Amino acid sequence: MKIGLLQMDIAFGEPEKNRKHVETQFKRLENQQYDLIMLPELWTTGYDLTQLEEIGDLEAKESISFLQRLAVRYRVNIIGGSVANRKKDSVYNTLIVVNKQGELVHLYDKLHLFKLMDEHTYLSAGEDSPSFTLNNIHFGGFICYDIRFPEWIRKPVLDGAEVIAVVAEWPEARTDHWITLLRARAIENQSYVFACNRVGKDPNNSFGGNSLIIDPWGKIIVQGSAREELVTAYVDLSLVKQTRLKIPVFDDRREKFYLR
């Protein structure tokens with residue numbers, strides 16, 4: 001399985017400019033064959049939170065349609081990062097997944113809002129399941145701050161997920177946390193982690209890149225830099241089963257003791 005993480009810079013508050021940029025990046029895939037491409041969190045707007053009521057995507061319709069067209073044209077499954085999704089009641093930070101046939105597979109509204117970046121002031125928290133199946137592979141899909149909540153990441157894994165997919169705008173100042181948390185989530189869940197982070201700056205933050213693909217043993221297969229690039233790796237999903245047989249963590253759980 002060939003994975004590409006589109007570690008991109010994001011134009012602050014300019015959805016049309018960002019869509020054109022993504023389209024340009026996909027054109028470079030014209031003669032390449034990827035099974036999955038991932039985009040980062042809030043790739044259409046960045047953290048221009050005060051303007052989301054104006055520049056957010058109504059019911060995420062434009063973003064979904066845009067990603068569907070790319071998926072069909074380039075014959076690739078897409079975990080389309082997340083976008084500012086204007087619904088009737090509020091704005092949500094919504095993960096979008098489409099398959100290579102152009103079908104909408106999954107939407108997930110970010111469960112955990114990051115107060116240090118004022119998300120709770122401008123966004124509402126979702127209540128969606130993170131689980132989805134793409135190309136016959138069971139995923140758990142998460143957004144940035146979610147990775148600090150291991151009990152939430154564990155939920156789809158207990159249902160059979162083999163891959164933890166993470167999209168983010170993770171600040172450069174906490175890059176060490178990013179790497180450590182993702183390796184921990186891979187090891188404790190004996191799952192692959194595909195994590196796509198943005199690069200560049202906005203008026204308030206610098207973002208660290210370092211997108212990662214990590215195997216179920218916690219080994220980093222590939223790690224991005226702090227610049228814009230397509231971070232690529234091949235993965236063998238059979239390693240998930242092998243790892244879980246080698247150390248049968250899930251057979252040895254004693255769940256009745258874990259409840260508060």
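Side-chain atoms are counted along with the backbone in the values below, which use heavy atoms only and exclude waters and symmetry mates. Treat the numbers as computed from the prediction; the structure is a model and nothing was measured.
For the atom pair D251 CG and L245 CG, the distance stands at 8.5 Å (nearest 0.5 Å). Y34 contributes atom OH, which lies 10.0 Å from atom CG of L6 (distance to the nearest 0.5 angstrom). D9 CG to Q7 CD: the interatomic distance, rounded to the nearest 0.5 Å, is 10.5 Å. Interatomic distance, I179 CD1 to I220 CD1, rounded to the nearest 0.5 Å: 6.0 Å. For the atom pair D128 CG and L107 CG, the distance stands at 7.5 Å (nearest 0.5 Å). A distance of 10.0 Å separates CD in Q242 from NZ in K246, rounded to the nearest 0.5 Å.
No side-chain heavy atom of L230 sits under 4.5 Å from any side-chain heavy atom of F26. Put simply, the side chain of P130 reaches to within 4.5 Å of the side chain of P156, judged on heavy atoms. Using a 4.5 Å heavy-atom threshold, the side chains of D48 and Q51 count as touching. Taking the side chain as every heavy atom from C-beta outward, F142 and I153 approach each other to under 4.5 Å. The shortest distance between side-chain heavy atoms of M8 and P40 falls below 4.5 Å. Side chains of R244 and F250 form a contact here, defined as non-hydrogen atoms less than 4.5 Å apart. With a 4.5 Å cut-off on side-chain heavy atoms, L39 and L5 do not count as touching. Using a 4.5 Å cut-off on side-chain heavy atoms (C-beta onward), I78 and V97 make no contact.
Taking each heavy atom of G160 and H138 in turn, the nearest pair found is C-ND1, 3.5 Å. Minimum heavy-atom separation, G200 to R198: C-NH2, 3.9 Å. Nearest heavy-atom pair, I96 versus A60, reported as atom, atom and distance to 0.1 Å: CD1-CB, 4.3 Å. Across every non-hydrogen atom of D35 and N77, the tightest pair is O-ND2, 2.9 Å. Residue C144 comes nearest to A168 through the heavy atom pair SG-CB, 3.7 Å, listed as atom of the first residue, atom of the second, then distance. What you find for N189 and R185 is that their closest heavy atoms are ND2-O, 2.9 Å.
Counting only distance, with no hydrogens or angles, the side chain of Y258 and the backbone of R254 share a donor-acceptor pair below 3.5 Å. With hydrogens and angles disregarded, a donor-acceptor distance shorter than 3.5 Å links the side chain of W43 to the backbone of G80. Side chain of N197 to main chain of G209: a donor-acceptor pair is present (N/O by atom type, distance under 3.5 Å, no hydrogens or angles). Listed for the Y192 side chain is a donor-acceptor partner under 3.5 Å among the backbone atoms of D236. T24 places a side-chain N or O within donor-acceptor distance of the main-chain N or O of K20, the cut-off being under 3.5 Å. A donor-acceptor pair under 3.5 Å is formed between the side chain of R154 and the backbone N or O of E188. Under a 3.5 Å cut-off, the side chain of E62 and the backbone N or O of L58 do not form any donor-acceptor pair. Remark: the backbone N or O of G102 is paired with a side-chain donor or acceptor of Q68 at under 3.5 angstrom. In this structure, the side chain of N205 does not engage the main chain of P171 through any donor-acceptor pair within 3.5 Å. Side-chain N or O atoms of D202 include one that pairs as donor or acceptor with a backbone N or O of N204 at under 3.5 Å.
Counting heavy-atom neighbours within 6.0 Å of K201 NZ, excluding the residue itself, gives a total of 12 or less. Within 6.0 Å of CD in E127 there are 12 or fewer heavy atoms belonging to other residues, nucleotides or ligands. In this structure, F149 places its CZ atom where more than 12 heavy-atom neighbours from other residues, nucleotides or ligands lie under 6.0 Å away.
Using modelled atom types and a 3.5 Å distance limit, the side chains of S82 and N93 yield a donor-acceptor pair. Of the N and O atoms on the side chains of Q190 and T243, not one donor lies less than 3.5 Å from an acceptor on the other residue. There is no side-chain donor-acceptor pair under 3.5 Å between T44 and N18. Side chain to side chain, H21 and E228 meet the donor-acceptor criterion of an N or O pair below 3.5 Å. Using a 3.5 Å distance cut-off with no hydrogens or angles, the side chains of D146 and Y108 do pair a donor with an acceptor.
Residues L95 and L49 share a single hydrophobic cluster, defined by chaining ILVMFWY side chains whose heavy atoms lie under 4.5 Å apart. Hydrophobic cluster membership is shared by I3 and L134, with clusters built from Ile, Leu, Val, Met, Phe, Trp and Tyr side chains linked at under 4.5 angstrom. A single hydrophobic cluster is not seen to contain both L104 and M38; linkage of ILVMFWY side chains at heavy-atom distances under 4.5 Å, directly or through other members, places them apart. Linking ILVMFWY residues whenever their side-chain heavy atoms come closer than 4.5 Å, directly or via other members, places F194 and L239 in the same cluster. No path of Ile, Leu, Val, Met, Phe, Trp and Tyr side chains, each step under 4.5 Å between heavy atoms, connects I10 with W170, placing them in separate hydrophobic clusters.
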Problem - Pair R148-H177, side chain to side chain contact (heavy atoms under 4.5 Å, CB included): steps then yes or no - result: CA-CA 9 Å; R148 288 189 182 270; H177 286 196; 2.9 Å; yes
Exercise for the section: For the pair L29 and I37, evaluate side chain to side chain contact (heavy atoms under 4.5 Å, CB included) and give the outcome as yes or no after the intermediate values. Expected result: CA-CA 10 Å; L29 308 179; I37 296 291; 3.8 Å; yes
Handout entry: Evaluation steps, side chain to side chain contact (heavy atoms under 4.5 Å, CB included), between S225 and E229
Key = CA-CA 8 Å; S225 66; E229 60 180 315; 2.6 Å; yes
Exercise for the section: Show the numbers, then the answer: is there a side-chain hydrogen bond (donor to acceptor under 3.5 Å, both in side chains) between N210 and T175? Expected result: CA-CA 8 Å; N210 283 273; T175 296; 4.5 Å; no
Exercise for the section: Let me see the working for V83 and T45 under side chain to side chain contact (heavy atoms under 4.5 Å, CB included), right down to the final yes or no. Expected result: CA-CA 7 Å; V83 302; T45 60; over 6 Å; no
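The residues D57 and R86 are annotated as not salt-bridged, no charged nitrogen and carboxylate oxygen being separated by less than 4.0 angstrom. Contact check on K110 versus E41 returns a salt bridge, with a Lys/Arg side-chain nitrogen under 4.0 Å from an Asp/Glu carboxylate oxygen. Ion pair E255/R253 flagged as a salt bridge, since at least one NZ, NE, NH1 or NH2 atom sits closer than 4.0 Å to an Asp/Glu carboxylate oxygen. The pair R19-E16 counts as a salt bridge, with a side-chain nitrogen and a carboxylate oxygen less than 4.0 angstrom apart.
Ring geometry for F207 against Y47 counts as parallel: the plane angle stays under 30°, on a 0 to 90° scale with 60° as the upper cut.
When each of L42, L123, N85 is paired with L52, the side-chain contact (heavy atoms from CB on, under 4.5 Å) condition holds for L123 and for no other.
Aromatic rings from Y145 and W178 are positioned such that their centres are separated by 6.0 Å or more.
A cation-pi geometry, defined here as NZ or CZ lying under 6.0 Å from the six-membered ring centre and within 45° of its normal, holds between K87 and Y92.
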